[in-house]
Every structure is written in C-alpha cells, then in structure tokens.
Amino acid sequence: MNTVDTELHPAAPKDFIRAMIENDLNARRHAGVQTRFPPEPNGYLHLGHAKSICLNFGVAQEFSGACNLRFDDTNPLKESQEYVDSIRKDVRWMGFTWTNECYASDYFEQLYAFAEALIFAGKAYVDSQTMEEIRTNRGTLTKVGVDSPYRTRSVEENIALFRQMRDGQFADGAHVLRAKIDMAAANIVMRDPTLYRIRRATHHRTGNTWCIYPLYDFTHCISDSLEKITHSLCTLEFANNRELYDWVLESLNLFPSRQTEFARLSITRTILSKRKLIQLVEEKHVAGWDDPRMPTLSGMRRRGVPPEALRDFCQRIGVARAENTVDFSLLEFCIREHLNTTAPRAMAVLDPLKLIIENYPEGQVEWFDLPLTPDAPEKGVRRIPFSREIWIEREDFREDAPKKFFRLAPGQEVRLRCAYYITCKAVQKDENGNITALVCTYDPQSRGGGTPDNRKVKGTLHWVSASHATPITVRLYDHLFTQDDPDNVPDGQSFIDTINPASLVTVSALSDPTVAALKPGETVQFERLGYFCADADSTPEDTVFNRTATLKDTWAKMEKR
RNA sequence: AGGGGUGUAGCCAAGUUGGUAAGGCAACGGGUUUUGGUCCCGUCAUUCGUGGGUUCAAGUCCUCCCGCCCCUGCCA
C-alpha cells in the first residue's frame with residue numbers, strides 16, 4: 001500500500017501508540033488496523049502534518065493495515081478545492097498511498113440521518129438562543145452552565161424545527177442543533193455541544209445543496225466509525241473532545257472507533273501554525289504557499305528537501321504525549337544525511353576573486369574529471385575546464401592570515417581542487433586598496449592535485465574557470481525563521497516582526513558547467529557552500545538555486561571564537 | 001464546582017511485572033580525508049520537577065507540593 005523504502009527506513013521504534021496497537025491486536029480487539037489522515041482543506045500541509053502522515057500511514061503499513069486520506073470539510077467558509085489538490089499532491093510526495101479517499105462531505109446525508117436519530121432518542125434538541133446567550137449560559141471553567149429554555153422541547157417540535165433548518169426556512173444563526181448532555185459537566189465540551197449550525201455558504205464539493213453543516217465533534221467520530229477506523233490518532237488538544245467522541249458513537253450504537261492523542265510537533269524558530277502561515281501568504285510576506293522559505297511540504301519540496309529526509313526526521317523525533325520543541329538542527333541533519341549520498345557535487349563561487357596563473361599558457365584549456373560524489377566513485381565523474389584565469393571565493397584569501405587559516409595567503413601554497421598546486425606571488429589592488437586580483441604560479445608536476453614528491457598542502461580551494469563560468473542566481477533562503485519562539489514574541493510585536501532578515505538574501509554567483517545539465521528540482525552540493533536545488537523559476541540564461549541546507553563549517557565556528 | 005494532560009541531559013526520547021539510567025541531535029576532544037564536508041574513535045545524567053514514605057533495592061509503587069500545556073467557537 002505504500003512506496004516507502006524500507007531499506008532506508010527500518011521499522012520505527014516502538015512508541016506508546018505502536019505498543020497500544022500491538023496490545024490491541026494481541027488481545028484480538030480488532031481483526032486489523034485501520035487509520036486515517038484527516039486534514040481540513042483550509043491550507044497547505046506543513047511539517048506538523050508530516051508527523052501525522054508518517055504516524056498514520058506508517059502504523060498502517062507496519063501492522064499490515066490500511067490508511068485513508070479523509071478531508072474534514074465541514075466548514076465551507078474556509079475550505080477550497082485548491083487545498084484539496086495540494087494535500088493530495090503532498091501526501092503522495094511524502095511517499096504514501098492512501099487506501100480510500102474520503103470526504104466528510106460525502107457523509108452529509110448520513111450525518112443528517114444520525115442527527116435525526118439523536119433527536120428521536122431525546123438526545124438532541126434545537127436551541128433558539130442567540131450565540132451570545134449560548135455562550136453566557138455555558139458557564140465558565142469554574143461555574144456550571146444553565147439549561148437553555150428550549151432544552152425541553154418535544155421530539156416532534158425538534159424534528160419539525162430541524163427539518164425546517166435543513167429546508168432553509170431560517171436565517172443563519174437563528175437555531176442550532178445541540179446534544180442534550182449535561183450543562184453542569186466539568187468538561188465544558190460536554191455542556192450540550194452544538195452539532196449543526198445554519199450556514200449559507202457554497203461548499204467546494206456539495207455546492208449549495210446544504211445550508212446546515214455539521215460540526216467537527218459530531219462529524220469526526222461518525223466519519224471514523226463509518227470507515228471502521230480502529231485507531232483514530234490526533235493531537236493532544238483534542239483530548240477534551242474524546243468524551244464527546246465516545247458519547248456520540250455510543251448514543252448511536254456505532255462502530256467503536258477509539259481516539260488516541262499524541263503531542264503535536266514544534267520546531268525551534270519555525271512557524272507551524274496554520275493561522276500564521278495563512279497570514280504570511282495573504283499579507284504577501286512570501287510569494288505563496290510553496291515559497292522556498294515556507295515550512296510547508298510544498299515549500300520544502302521546492303527548496304530541495306527530499307521526502308526521505310522528512311520521513312527520517314519524523315521517525316527520529318518519536319511520538320509521545322509530552323509537549324516538545326525539536327531543535328531545527330535535527331531536521332537539517334536529516335536533510336544533509338540524505339543529500340550527502342545522493343546529491344552530485346559542483347563548484348561555485350558566491351563572491352568571486354580573480355586569480356591569474358602567470359606561468360600557465362595563455363589560451364590553454366584542460367579538462368579535469370572530478371567525482372560526482374566523492375564517497376561513491378561509481379556514480380561517475382563531471383568534466384571541469386581549467387584555464388589561466390579562474391575565480392576563487394574572496395574569503396578563501398587573506399593577506400594577513402590567522403594561524404589556523406589553511407587557505408590562500410601571500411607566499412602560501414594551496415591546492416586547487418583536483419587541478420594544481422598554486423602559490424600566491426602577488427596581490428593586485430585598486431587605488432582604494434581593494435584587492436582586485438591575485439597573481440599565482442602553478443606547479444605543472446601537481447596535475448590532478450598531487451605531486452610526485454608527495455608534498456602536502458593544508459588547503460584545498462574551490463574554483464571556476466573564468467572563461468567557462470556559468471552565471472547563476474542563488475537564494476540564500478532559510479526557513480522563514482523567527483528570532484525565537486514564534487508563538488511567544490515580545491510584547492507589542494507580531495511574529496512577522498521577528499522574521500530573520502537573513503532569509504531574504506539573493507546573490508549572483510558563478511558556477512562550473514556542471515549546473516548546465518541540471519533540471520528544476522534537482523539538488524547539488526556546491527562544495528563547502530551547502531546544498532542547493534534548481535528552481536522552476538530558472539530560465540535558460542539564469543539558473544536559480546534555492547539553498548536546501550548548509551554544510552557544517554568548522555572553520556567558521558572556530559574563527560568566531 | 002473546575003476538568004483533562006504532562007514533567008528523564010542544551011533538544012528529542014527509550015526505560016518490561018521495582019534489580020542499579022538505551023539511542024539520536026547539539027556540543028566538545030582526537031584520527032582519516034584532494035570539500036575545514038563525509039567517515040571513524042572518544043567525552044557528555046551518581047540521577048529522572050520537589051519533599052516525604054514503602055522496600056534489601058524506586059525513574060518505576062504510595063503520598064504532599066511545584067511547574068508547564070489544553071478546554072468557556074454556531075473553528076478544526
């Protein structure tokens with residue numbers, strides 16, 4: 001039922017959910033496992049959903065069960081087909097295939113019938129209080145609620161009213177259908193929860209067929225039950241709703257699906273609230289849901305994050321009931337770990353400094369074969385041109401080199417990766433003292449990057465032949481990081497104000513010709529710079545790269561100290 | 001007359017019926033390396049929110065206290 005590479009992803013460790021399911025199976029409480037991933041199509045999927053996807057589909061796979069994709073589309077005001085389409089695409093991209101594609105809206109007729117059944121059983125009534133009255137009469141955390149004056153309506157009156165609600169004979173908000181439970185319940189969810197409201201809105205799937213829509217608490221449990229979901233996994237904030245979930249299914253004598261809650265995912269300095277993500281898109285702080293800086297699945301896909309890395313991440317963070325905030329470095333680690341063995345290498349220079357090899361013949365070009373991935377030589381080679389004038393990274397040269405600086409300095413010999421040893425002989429400057437070029441000599445004996453006398457050099461530089469350089473555009477985008485916890489910003493600030501400005505930097509760069517063959521969506525490692533993914537925005541003249549992940553940089557760390 | 005959850009290292013997170021604190025990330029040291037990448041080796045909880053108690057033995061059992069999260073939508 002799935003396409004997950006089990007080689008890369010061994011069985012997940014046993015968390016409390018898997019332990020519970022194993023237990024249920026051993027006790028023969030179920031013949032098999034049936035789960036579901038139930039997003040509301042009111043936004044794009046993000047990393048938090050990835051955790052739920054991996055859990056629900058993963059568990060089904062591990063126990064030879066099935067997992068449905070179900071759209072919880074009961075609020076037409078917020079939902080759209082665009083979101084449905086994006087969710088289907090993102091789940092597939094994550095590497096999972098659903099058993100059935102379901103929609104709560106497909107159950108509207110059945111849901112309505114169950115509502116009438118509740119009325120006939122004397123367990124639901126039509127309330128005609130205003131929204132404010134309902135709120136007031138619900139009581140508070142420490143004060144019990146009071147019964148609605150309409151609570152004692154007869155079954156006949158309730159049925160008549162409810163049918164008129166459906167027929168569109170009342171204005172929005174005039175009445176609601178409520179479960180008759182207990183206005184003094186300690187659990188506020190149980191104080192006669194609203195089951196149906198009148199809402200004249202066009203639904204993206206049912207159009208104007210309905211003017212009443214069921215609410216989550218009534219819909220979700222019944223949907224689970226109709227699909228024979230054995231294990232309904234959801235996040236912790238629904239724990240209070242479990243009592244009502246069970247009440248509805250028991251009252252209607254339906255298949256006893258069971259809800260189990262787990263802690264939602266938080267990642268340091270990362271926005272994972274759908275409300276905030278919608279705000280970023282609507283206020284145009286980003287180009288769209290798939291902006292490469294977005295922590296959405298579509299954004300990360302565009303940034304070059306492989307789905308394998310996300311699955312690995314979800315497995316490593318585990319599943320538990322304690323609130324948690326995972327360090328972003330774990331996600332980066334998972335991305336790097338996957339890309340290290342899969343991404344081809346290329347050389348690029350972000351801030352070019354001209355280097356002239358004075359004893360190299362003018363007009364001569366040599367082609368060197370460099371490994372595509374050094375740790376997997378079988379993956380082949382890339383052909384890189386070398387000539388008299390090349391570009392190196394400006395920060396790879398220091399006139400007054402600190403002691404642990406292994407790179408180029410006056411009089412210093414270093415290696416140009418896979419090409420030659422060079423020695424810096426002179427520094428050219430303009431009238432302002434800015435370095436304009438470096439004059440070097442090369443050792444013809446060191447062709448390929450080694451010498452007959454086995455002379456060692458400490459540094460290896462990356463380079464691009466000046467006459468062959470390919471101009472590219474590089475977006476040094478990161479996640480749209482906030483400076484700290486996005487859900488807890490300083491007084492008087494919006495989380496928007498705390499977005500890291502570094503996530504906006506775009507630079508022009510020069511690359512070796514390897515990138516010319518790259519197609520959008522393909523990721524390379526620009527050696528020592530990081531992983532970069534070719535963007536769909538690219539043109540034949542200008543390839544645009546989004547930074548997928550950085551590399552560890554021990555020199556930068558050391559220098560900072 | 002509140003209810004429901006939860007606390008194990010900087011961050012995640014395992015810890016069977018009580019038997020002497022897994023693993024990963026991060027960090028730090030060292031080795032290998034034609035990427036200051038990768039890889040390899042090593043260090044990193046005398047203690048599990050706090051105080052009592054039971055026990056030969058407590059992260060696990062009992063109990064007091066404390067912290068944090070969720071719930072008063074006709075959102076999900």
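Chain naming here is simple, since letters A, B, ... match the order of the sequence lines and numbering starts at 1 in each.
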Contact under 4.0 Å: A/T554 side-chain N or O vs B/G37 OP1/OP2:
yes
Any donor-acceptor pair under 3.5 Å joining the side chain of A/R407 to the base of B/G36?
yes
A/R138 side-chain N/O to B/G73 phosphate OP1/OP2 under 4.0 Å
yes
Could you give the NZ-to-C1' distance, from A/K404 to B/G30, as a whole number of Å?
12 Å
Sorted by chain and residue number, the salt bridge (Lys or Arg N to Asp or Glu O under 4.0 Å) partners of A/R242 (sequence neighbours excluded) come out as A/E261
Would you call A/Y216 stacked on B/A76, i.e. ring centres under 5.5 Å apart with the planes less than 30° off parallel?
no
Compare side-chain N and O positions of A/R197 against OP1 and OP2 of B/C75 and report whether any pair is under 4.0 Å apart.
yes
Is the shortest side-chain N/O distance from A/R316 to OP1 or OP2 of B/G24 below 4.0 Å?
no
A/M558 near the nucleic acid: base, sugar-phosphate alone, or nothing, with a heavy-atom cut-off under 4.0 Å?
base
Once you round it to whole Å, what is the distance between P of B/C70 and CD of A/E323?
7 Å
Among the nucleotides B/G37, B/A76, B/C12, whichever has the atom closest to the side chain of A/I317 is B/C12
Taking only residues two or more places apart in sequence or in another chain, which ones pass salt bridge (Lys or Arg N to Asp or Glu O under 4.0 Å) with A/D182?
none
Does the side chain of A/S329 get closer than 4.0 angstrom to OP1 or OP2 of B/C11 through an N or O atom?
no
